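To keep things clear, I will list the structure first and then write my remarks on it.
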2 protein chains.
Amino acid sequence: MTGLRANNLPSAHECLAQRFKTWSSGEFDLTLCPVRGILDRLGDKWTTLIVIVLAQRPHRFSEIGRAIPDISKRMLTQTLRDLERDGMITRRVFPTKPPSVEYGLTELGESLLEPLAHLVTWAENSQPKIATARSAFDAAETSPS
Amino acid sequence: MTGLRANNLPSAHECLAQRFKTWSSGEFDLTLCPVRGILDRLGDKWTTLIVIVLAQRPHRFSEIGRAIPDISKRMLTQTLRDLERDGMITRRVFPTKPPSVEYGLTELGESLLEPLAHLVTWAENSQPKIATARSAFDAAETSPS
DNA sequence: TAGGCTTGGTCTACATTCTAGACCAGGAGA
DNA sequence: TCTCCTGGTCTAGAATGTAGACCAAGCCTA
């Protein structure tokens, strides 16, 4: 039951368990774990969405805003800055009038697409199960007779 | 440059671009996208960490707290409830004194481990590049001469 | 020439979410 | 009796996110 799986990857269990052990093994402060920092960033509600939008082609500032209607300009600016700082996207200003700014994925940003696609696929496939679980849980909550 | 890659998966680009097009194609309200809801949950700072801890073996409430020292009880309770509601973990109460509660991954929760391991691997591998990009960006910011 | 539109943002006020830590009941051990 | 353990709940304050007004510069229209 250990070792390799049908897809030739080491078991996800072992992979994660091993990593966690390494992280927790004394010398390492889990609180400062850089992977956590990265995962936090990826999880901050807009980041993945913006990356997915830019995966199609480079976009201009307002174009992204139109593709993601419910993001505020402030969060769009901030998320783009953070992504730029992390080397995931490039920002190019064109001297048009009014000046336009184009954002696109860097090589590093592109490399994120593959694991991200896995996760999105998982989310799509699991969505029905999650919805079912939620209904069941909520039903049990509201009528715990 | 399209189609299949060395790993026999469709290109992540196409995969995500295609999905986004489907999502954005009129009939579908991106704001209500269920995948977004799931990704938001996964990104909420503690969820992935707890899943990784439980990937090793079932844990009791305080055990998780000890494994993740900087989580508050409130967030631990809340995140566990959310995970339970989504059918990712089970909660079992043992009638010991004082009663102990054990949390463990469900099959659905386990199925998340694989995409999650991909992402963690990516984060670990990319961490040096991200750190470099950050320093470069910050250096350019502070001395933009 | 005035008015309104676009660009990529910034700023402020308010709402939501997170954190730190006190508190709880009930039993066990000293 | 006094303290500690369990798995939580509750509250206050801090951090974070949202909505939307505002900005300068240039273009188009009337």
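Just so we're clear, the structure is a prediction, and the values are computed from it rather than from any experiment.
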Check your understanding: Rounded to the Å, how far apart are B:Phe61 CZ and D:dT9 C1'?
Key -> 10 Å

Exercise for review: Just jot down the side chain to side chain contact (heavy atoms under 4.5 Å, CB included) partners of B:Arg92, sequence neighbours excluded, or say none.
Suggested key: B:Phe94, B:Glu102

Study note, to complete from the structure: Closest non-hydrogen atoms of B:Val35 and A:Ala123, given as atom of the first, atom of the second and distance, are CG1-CB, 3.8 Å

Exercise for review: Look at all strands and tell whether A:Arg66 reaches a base, only sugar-phosphate, or nothing, counting heavy atoms closer than 4.0 Å.
Suggested key: sugar-phosphate

Review point. What's the CD-C1' distance between B:Glu63 and D:dT6, to the nearest Å?
Key: 13 Å

Point to revise | A:Arg91 CZ to C:dT7 C1', straight-line distance once rounded to whole Å | key: 12 Å

Practice item. Round to the nearest Å and state the distance from A:Gln78 atom CD to C:dC11 atom P. Key: 13 Å

Check your understanding: Does A:Ala133 have any side chain to side chain contact (heavy atoms under 4.5 Å, CB included) partners at least two apart in sequence or in another chain, and if so, which?
Key -> none

Check your understanding: Roughly how many Å is it from CE in A:Met75 to P in C:dT17, rounded to a whole number?
Key -> 14 Å

Check your understanding: Just checking A:Phe94: base, sugar-phosphate only, or nothing, at a heavy-atom cut-off of under 4.0 Å?
Key -> nothing

Check your understanding: Under the side chain to side chain donor-acceptor pair (under 3.5 Å) test, which residues partner A:Ser111, sequence neighbours left out?
Key -> B:Trp122

Practice item. Keeping to residues at least two apart or across chains, list the salt bridge (charged side-chain N to carboxylate O under 4.0 Å, His left out) pairs with something in residues 41-62 of chain B. Key: B:Arg41-B:Asp86, B:Arg57-B:Glu63

Check your understanding: Within this structure, what is the CD-to-P distance between A:Glu102 and C:dT7, rounded to whole angstrom?
Key -> 14 Å

Review point. Given C:dT6, is OP1 or OP2 found less than 4.0 Å from the side-chain N or O atoms of A:Arg60?
Key: no

Revision key, fill the gap. Given protein heavy atoms under 4.0 Å, the one-letter contact record of nucleotides 20-29 of chain C, with B base, S sugar-phosphate only and - none, is simply B-----B-S-

Check your understanding: When you measure from every atom of DNA chain C, which of residues 39-48 of chain B have a heavy atom less than 4.0 Å away?
Key -> B:Lys45, B:Trp46

Review point. Which residues pass the side chain to side chain contact (heavy atoms under 4.5 Å, CB included) test with A:Thr132, sequence neighbours left out?
Key: none

Review point. Can you name the residues that form a side chain to side chain contact (heavy atoms under 4.5 Å, CB included) with B:Val101, not counting sequence neighbours?
Key: B:Arg91, B:Val93, B:Tyr103

Check your understanding: For A:Glu110, what residues pass the salt bridge (charged side-chain N to carboxylate O under 4.0 Å, His left out) criterion, not counting sequence neighbours?
Key -> none

Practice item. Please report the shortest heavy-atom distance between A:Ala55 and A:Leu105, naming the atom on each side. Key: CA-CD1, 3.8 Å

